[in-house]
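This report refers to the structure that appears directly beneath it.
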Amino acid sequence: MPLFGNRSRSVLPPLAELVEQEREWIDAHLQLVASTGTDVSDSGQVRALYDHWAGRWRRINPPERSDPRTRINALGVALGEHLVGCTSLEWRITTDEYRPELVVINVRAQTMLSPVQLVEQNWLAEKPGTFMTEVIEVERARNPAKGARRKRR
């Protein structure tokens with residue numbers, strides 16, 4: 001899935017509203033993030049947590065590293081929740097040929113982003129958290145919060 005992909009209606013995968021189990025999964029990961037003192041409404045704090053967790057993990061000898069999946073999931077959920085809070089994006093679930101995937105989407109604009117997958121790609125590529133700032137800026141411009149007006153140039 002491209003980082004900033006617009007998909008036409010005919011290409012968007014099937015989407016579904018979240019069910020209780022998926023909401024509980026999101027809440028559990030948000031609680032993990034909150035337990036660190038991180039406020040997901042503050043993009044700088046979310047990015048700092050990514051850099052902290054990823055940096056600590058990278059400093060460990062690779063054969064001795066633990067599975068980062070829980071932290072990657074938590075950071076992806078934090079990024080997604082931040083976007084849901086400051087844009088017109090909404091949580092949805094989609095299923096491809098492999099597995100269900102949590103996404104944020106603007107149905108009207110036909111834009112979709114998988115925040116967990118995005119965090120995973122950058123974590124495994126050992127990239128710094130600057131990608132989060134870039135994603136947030138792009139998505140805020142493309143998907144202004146409901147009731148917000150787009151600035152005219």
Side-chain angles (χ1 to χ4, degrees), residues 1-54 67-125 127-153:
M1 187 175 314
L3 179 59
F4 302 116
N6 272 332
R7 294 183 176 206
S8 69
R9 196 172 292 277
S10 62
V11 179
L12 266 177
L15 298 164
E17 297 281 333
L18 300 184
V19 296
E20 184 176 342
Q21 179 182 7
E22 292 147 353
R23 291 188 188 283
E24 289 172 356
W25 190 86
I26 289 172
D27 289 344
H29 286 88
L30 289 174
Q31 287 174 4
L32 175 60
V33 170
S35 74
T36 69
T38 301
D39 177 358
V40 297
S41 69
D42 183 328
S43 62
Q45 289 185 30
V46 174
R47 176 185 168 181
L49 182 61
Y50 169 90
D51 286 331
H52 175 71
W53 278 353
D67 184 356
R69 174 69 38 213
T70 300
R71 289 184 173 172
I72 289 171
N73 289 340
L75 289 163
V77 166
L79 175 59
E81 189 69 12
H82 178 82
L83 290 169
V84 166
C86 70
T87 69
S88 58
L89 294 169
E90 300 173 3
W91 285 112
R92 292 289 186 274
I93 196 82
T94 185
T95 304
D96 61 16
E97 63 271 17
Y98 303 108
R99 67 182 190 269
E101 184 173 4
L102 194 60
V103 296
V104 290
I105 184 164
N106 180 330
V107 177
R108 198 175 110 237
Q110 297 294 294
T111 58
M112 183 172 77
L113 177 75
S114 173
V116 173
Q117 183 183 61
L118 184 60
V119 168
E120 178 181 40
Q121 290 168 351
N122 283 276
W123 181 292
L124 295 177
K127 293 186 179 179
T130 52
F131 76 93
M132 287 186 162
T133 305
E134 294 165 3
V135 167
I136 291 166
E137 288 174 4
V138 168
E139 294 304 324
R140 287 184 79 157
R142 284 188 348 169
N143 301 289
K146 294 174 182 137
R149 288 186 185 205
R150 213 175 260 244
K151 291 182 181 177
R152 295 183 187 214
R153 294 180 183 212

Point to revise | Smallest separation among heavy atoms of L30 and A78, with atom names | key: CD2-CA, 4.2 Å

Exercise for review: Please tell me if the side chains of L32 and S35 come closer than 4.5 Å, counting only heavy atoms from C-beta onward.
Suggested key: yes

Check your understanding: Under a 4.5 Å cut-off applied to non-hydrogen side-chain atoms, are M132 and V135 in contact?
Key -> no

Check your understanding: How far apart are the closest heavy atoms of D39 and V46, and which atoms are they?
Key -> O-CG2, 4.1 Å

Point to revise | Flag for N106-S88: side-chain donor and acceptor within less than 3.5 Å | key: yes

Check your understanding: What distance separates L75 CG from T70 OG1, expressed to the nearest 0.5 Å?
Key -> 11.0 Å

**Study point:** Closest non-hydrogen atom pair between A74 and H29, with its separation
**Key:** N-CD2, 3.5 Å

Exercise for review: Provide the closest heavy-atom pair for S43 versus I136 in the form atom of the first, atom of the second, distance.
Suggested key: CB-CD1, 3.5 Å

Practice item. Measure the shortest side-chain to side-chain distance between V103 and L113 over non-hydrogen atoms and say whether it is less than 4.5 angstrom. Key: no

Check your understanding: When you check the side-chain N and O atoms of E22 and W91, is any donor under 3.5 Å from an acceptor?
Key -> no

Point to revise | Close side-chain approach of V77 and V33, heavy atoms under 4.5 Å | key: no

Review point. Taking E90 for the side chain and I105 for the main chain, is one N or O donor matched with an acceptor at less than 3.5 Å?
Key: no

**Study point:** Inter-residue atom distance E24.CD - Q21.CD, 0.5 Å rounding
**Key:** 7.5 Å

Check your understanding: If every non-hydrogen atom of C86 is compared with every non-hydrogen atom of A145, which pair is closest and at what distance?
Key -> O-CB, 3.8 Å

Exercise for review: For Q121 and K127, run side chain to side chain contact (heavy atoms under 4.5 Å, CB included): C-alpha distance rounded to whole Å, both residues' side-chain angles, the deciding distance at 0.1 Å, then the answer.
Suggested key: CA-CA 9 Å; Q121 290 168 351; K127 293 186 179 179; over 6 Å; no

Practice item. Compare all side-chain heavy atoms of M112 with those of L15 and state whether any distance is below 4.5 angstrom. Key: yes

Check your understanding: Is R47 paired with D51 through a side-chain N to carboxylate O contact shorter than 4.0 Å?
Key -> yes

**Study point:** Derivation and outcome, side-chain hydrogen bond (donor to acceptor under 3.5 Å, both in side chains), residues E101 and S114
**Key:** CA-CA 8 Å; E101 184 173 4; S114 173; 2.4 Å; yes

**Study point:** Chi angles and distances behind the side chain to side chain contact (heavy atoms under 4.5 Å, CB included) call for W123, R71
**Key:** CA-CA 10 Å; W123 181 292; R71 289 184 173 172; 4.3 Å; yes

**Study point:** Validation row: N122, Y50 side chains within 4.5 angstrom (heavy atoms)
**Key:** yes

Practice item. Report the distance from atom OG1 of T36 to atom CD of Q31, rounding to the nearest 0.5 Å. Key: 12.5 Å

Check your understanding: In Å, rounded to the nearest 0.5 Å, how long is the span from CG of L18 to CD1 of I93?
Key -> 6.5 Å

Check your understanding: Does the side chain of V104 come within less than 4.5 Å of N143's, by heavy atoms?
Key -> no

Review point. Is T87 reaching over with its side chain to a backbone N or O of L83, donor-acceptor style, under 3.5 angstrom?
Key: yes

Check your understanding: Heavy atoms, side chains only, cut-off 4.5 Å: are W25 and L102 in contact?
Key -> yes

**Study point:** Cationic N near anionic O, under 4.0 Å, R142 to E139
**Key:** yes

Exercise for review: Check whether any side-chain N or O of H82 sits under 3.5 Å from a backbone N or O of V40 as a donor-acceptor pair, and report yes or no.
Suggested key: yes

